[in-house]
Amino acid sequence: MKDGYNPQQIEEKWQGIWEEKKLYEVSEDPKRKKFYVLEMFPYPSGRIHMGHVRNYTIGDVIARYKRTRGFNILHPIGWDAFGLPAENAAIQRGVHPAKWTYENISQMKEQLKRLGFSYDWTREIATCDPSYYKWEQMVFTMMFERGLAYKKSSVVNWCPSCETVLANEQVVVSGAVLPEPQFGSGGNKQLAPDGNKEIGKCWRCKSEVQLKEMDGWFFKVTEYTEELLECVEKLKDGWPERVLAMQKNWIGKSTGAEIDFPLEERIDGETILRIFTTRPDTVFGVTFMCIAPEHPLAEKLVKGKEKEEEALRFINRVKKQSDVERVAEGTKKEGVFTGSYCKNPFSGERVPIYITNFVLMEYGTGIIMCVPAHDQRDFEFAKEYGLPIKVVIQPVGAIHESPLHLGSMERAYEEPGVMANSGEFSGLPSEVGKEKVIEYVQSKGFGERKVNYRLRDWGISRQRYWGTPIPIVYCDTCGAVPVPDEELPVELPLDVEFTGKGGSPLAKLESFIKTKCPKCGKDARRETDTMDTFVESSWYFLRYASPDFDEGMFEEEKVKYWLPVDQYIGGIEHAILHLLYSRFYTKVLRDLGMCALDEPFSNLLTQGMVIKDGAKMSKSLGNIVDPDDMIQKFGADTVRVFMLFAAPVQKDLDWSDEGIEGAYRFLNRVWRLVSDVFPQIESLKNTKPDLSQIAEPAKELLIKVHKTIKKVTDDLERFQFNTAIAAIMELLNAVSRFEPHTDDDISVLRESVESIVRLLYPVAPHIGEELWESLGYEETLVDKPWMEWDREIVESAAITVVLQVNGKVRSQVIMDSDSDREEMKQAALSDEKVKNYIAGKEIKKVIVVPRKLVNIVV
RNA sequence: GCCGAAGUGGCGGAAUUUGGCAGACGCGCUGGAUUCAGGAUCCAGUGGGAGCAAUCUCGUGGGGGUUCAAAUCCCCCCUUCGGCACCA
């Protein structure tokens, strides 16, 4: 205790003790309430970064605190071990992805251990282990059999130089920062350093990305759209509003109707165009139709027409553009007249049909009705191409005063209003009109109510090596056949070559591809696509409940005990994909009869990024702060304190070299305080000061102690770690100023010092344990129940009553906490300063807020 | 364009849950003590303006409102950040 604070030494000591005593290894205990704390597991990129440190520190504090509140804590960690960077390392440096990954894991594991996190390492998992992905393959085959996994052809981004498929995230869009590989394979968009030069290019080699039609596997997320959306309601108490808003946004529900517009002439057997609209109330205002260039009818509509050649050129030009280019800023709305017409089923008017670059084939029916008066895009297009505009919605009240008319319209009127020029529907409010029009088309049989979603099925195929093989065999006779359970896992072969060319190495590996059909036994070929790594991260939280179980994905009983995750913690960047996919996958498992879980994560905490000099830490900016350097310099406890103190958890945290020194100074002061007062308080172990006995300065300190316990407890419950630490600092300041004289004083001093140590423990566990030990206690703080604050002591505090005159603070007076209204009023009226302000004036009103203030209105 | 979050000292932030002393705590800065010196540590000060001072006065993005009392509640506007976006 005589020595100074030596974090390296005590941190190693306590990490050793915790490990030796197996303190963090847990098992189910039906008698105790469980609490499952989970942080998003890392991608084993090689080194942990400050973002991880922040994430895992938050989780660790919650885990340690909840444990002192008597919960049986599950706090596991593992590795999101499949993914592209491993493959890139293989291509660039000739290291096998498996070797690279496992070496990274062991390095990062050491780093995490040095931070003193209370993980149950016996539950560690790596998703690239066949004993893990085996179950994912099994579930895939179950999904396949139920039609929840299916194969279809779709257009993908293709890099001709890398000869590989790129996810949308790997096509450069716009902006300034390149992402660090983190958890999950997707995540950040690739952003171009400057201007638009690199838009539409491959993120790695900067070649022009092409579009290519390819077969791939999909999960039927759309089967669960409504439930995923409904649960946004259920999660609203435990999840941040903005995450739910993003998910809702992403699902993109819109309600409306599909309506058939008869074609003027039969085209290739087709007599109608079916459109989707959210504004059936504007149907009388349709003056043209638009069809997507990809629509099979598009070419047929122009056949034999005057502008056939021009139209075909247009179709080909637009089709060649990538999604990215097509929606890029500044792309003009363009179109070409097909020469064909259809009839408005309501007004009977003749309506020309255009092919345009802004209608999406994938959404709705790929054809839209255009109402330029009430849709801004249609309005612009109509102006450009000289098409008529017909007003059919008038603002409420405007009909008589100043109705909309064409001459005065500078833009579309998109708000609700009253239907006009709409035959029998005229005069209806637009909201009612929508319903009436839908009812009408339904009753006449040329349309129906329809809900559309933005959400698409999840394309899980990756033409990559380092991932979970999709357990499917192609047989000329039987087609796509799932690999039977007893043949699982389909192991990823390790003897492959990495050239970076010609697509997935698996596709060239005859020994892997050649197999027999599980059904008929004839020669067959294996699927060589692997799964998106988001599939692994969609169920790892379930695996932790029984990580070594070898008869299934998880043990039902254990999942029943531990799940759902009570507190999930991670970066806001996974607000949509990872969290939505996990929710989907959980529901699929439920419907496959494997568990009874509707939602995987009851509560979600999204922490902000760690930034430096106003930008995300990144290699290219050279502003990376290495956690190891900091641990070496200041110790893990200091890093942890700073991570929590520097900003509220949800906000971005600005790294500051001076700031971390402040945290270090704080821990040093705590250490010094204990060393300094130890000789005085040594003999007073386990005594409790008696409130009625002690004199003023000590009493005040004791009150401060209990107020601090209350404050820190409340703050930890609400994850306000920054203010919890601030409160401990305040207490430290108060104790440092305190000079004990009597035995009672010393007893209060002892209680104060012990409180600081114990309050600090969840945040800075090593120094907490060390000081606790040096205070003469043998038990560890890990399982010591949390402190209770004493209501009697807190409430015995004298209160400062603020005295206001006309709402302005003029004075204050210290009173007993149990003073009543009348006493407070009298104290105010007899206060010298107050008297000055009210002298000679009539008192109109006196407001007394018990325990707080008196306001005199004159 | 739509949706969401946020604007408080030189900086990170507190007080918003419950309307009640704005600026806790930390960083930085200034002065002092200690030191041969530096570092470390300790003490004092630190929103703007006025005053020798007690003290007065202004002040939470801007404007209005409710209230005895507004950073906090209501309305309008501005700015920043994040998400979605030719989704019909």
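No experiment lies behind these values; they were computed from the predicted model shown. Numbers restart at 1 for each chain; the letters A, B, ... are given by sequence-line order, proteins then strands.
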Would you please indicate yes or no on a ring centroid separation below 6.0 angstrom for A/Phe288 and A/Phe381?
yes
Measuring from atom CD of A/Glu730 to atom NZ of A/Lys711, what distance do you get when rounded to the nearest 0.5 angstrom?
8.5 Å
When rounded to whole Å, the NZ to P distance for the pair A/Lys434 and B/A88 reads 11 Å
Using atom names, set out every protein N or O paired with an N or O of nucleotides 53-58 of chain B below 3.5 Å, distance rounded to 0.1 Å.
residue, atom, partner, partner atom, Å
B/C56, OP1, A/Tyr837, OH, 2.6
B/U57, OP2, A/Arg810, NH1, 3.2

Taking only side-chain nitrogens and oxygens of A/Arg665, does any of them come within less than 4.0 Å of OP1 or OP2 of B/G39?
no
CG of A/Asp637 to CZ of A/Phe642, rounded to nearest 0.5 Å, is 15.5 Å
Considering only NZ, NE, NH1 and NH2 on the basic side and carboxylate oxygens on the acidic side, decide whether A/Asp714 and A/Arg718 come within less than 4.0 Å.
no
Strictly below 4.0 Å: does A/Arg454 bring a side-chain N or O up to OP1 or OP2 of B/A85?
yes
Charged N-O contact under 4.0 Å between A/Lys383 and A/Glu380
no
Convert the base pairs of RNA chain B into dot-bracket notation, remembering that pairs crossing earlier ones are written with [ ] and that bases paired across to another strand are shown as |; include only Watson-Crick or G-U pairs under 3.5 Å.
(((((((..(((.......[....)))((((((.......))))))((((....))))..(((((..]....))))))))))))....
Quickly work out the A/Tyr664 OH to B/G26 C1' distance and round it to whole Å.
18 Å
Between atom OH in A/Tyr453 and atom C1' in B/C84, what is the gap in whole Å?
18 Å
Could you state the interatomic distance from SG (A/Cys290) to CD1 (A/Ile275), rounded to the nearest 0.5 Å?
11.5 Å
Report the distance from atom CE of A/Met369 to atom P of B/C86, rounded to the nearest whole Å.
20 Å
Rounded interatomic separation in angstrom, taking CD1 from A/Ile725 and P from B/G26
12 Å
Protein-nucleotides 13-17 of chain B N/O pairs under 3.5 Å:
residue, atom, partner, partner atom, Å
B/G13, O3', A/Asn722, ND2, 3.4
B/A14, OP1, A/Asn722, ND2, 3.1
B/U17, O2, A/Arg718, NH1, 3.2
B/U17, N3, A/Arg718, NH1, 3.2

One thing to verify: whether A/Glu414 and A/Arg279 come together as a salt bridge, which I'm taking to mean a side-chain N less than 4.0 angstrom from a carboxylate O.
no
Does A/Glu241 or A/Gly366 map to a spot on RNA chain B nearer the 5' end, using the closest nucleotide for each?
A/Glu241
Please work out which of the three classes, parallel, tilted or perpendicular, describes the rings of A/Phe276 and A/Tyr363, given edges at 30° and 60°.
perpendicular
Base, sugar-phosphate or nothing for A/Arg737? Non-hydrogen atoms, less than 4.0 Å.
nothing
Taking only the P atom of each, what is the distance from B/G7 to B/A15 in whole angstrom?
11 Å
May I have the distance from A/Arg411 (atom CZ) to B/C86 (atom P), rounded to whole angstrom?
18 Å
Roughly how many Å apart are B/U16 and B/C73, using the C1' atom of each and rounding to a whole number?
11 Å
Decide, yes or no, whether a salt bridge links A/Glu795 with A/Arg851 under the criterion of side-chain N to carboxylate O below 4.0 Å.
no
Write down the protein N/O and nucleotide N/O pairs, taken from nucleotides 66-68 of chain B, whose separation is under 3.5 Å; answer none if there are no such pairs.
residue, atom, partner, partner atom, Å
B/C68, OP1, A/Lys845, NZ, 3.3
B/C68, O2', A/Asn855, ND2, 3.3
B/C68, O2, A/Asn855, ND2, 2.3

Closer than 4.0 Å, any side-chain N/O of A/Arg672 to the OP1 or OP2 of B/C42?
yes
Quick one: A/Lys852 NZ to B/G20 P, roughly how many Å, whole number?
6 Å
Going by a 90° cut-off around 0, is B/G26 syn or anti?
anti
Plane angle bin for A/His578 and A/Phe534 - parallel if under 30°, tilted between 30 and 60°, otherwise perpendicular
parallel
With a non-hydrogen cut-off below 4.0 angstrom, is A/Gln812 in contact with a base, only sugar-phosphate, or nothing?
base
Nucleotide of B/C86, B/A88, B/C84 approaching A/Asn357 most closely (side-chain heavy atoms)
B/C86
Return the set of residues passing side chain to side chain donor-acceptor pair (under 3.5 Å) with A/Arg317 (not counting sequence neighbours), or none when no residue passes.
A/Glu334
Are the charged groups of A/Glu241 and A/Lys248 less than 4.0 angstrom apart, N to O?
no
Round to a whole Å and report the spacing from CG of A/Leu644 to C1' of B/G26.
14 Å
With a 4.0 Å heavy-atom cut-off, tell me which residues in residues 244-257 of chain A come close to RNA chain B, sorted by residue number.
A/Met246, A/Asn249, A/Trp250, A/Ser254
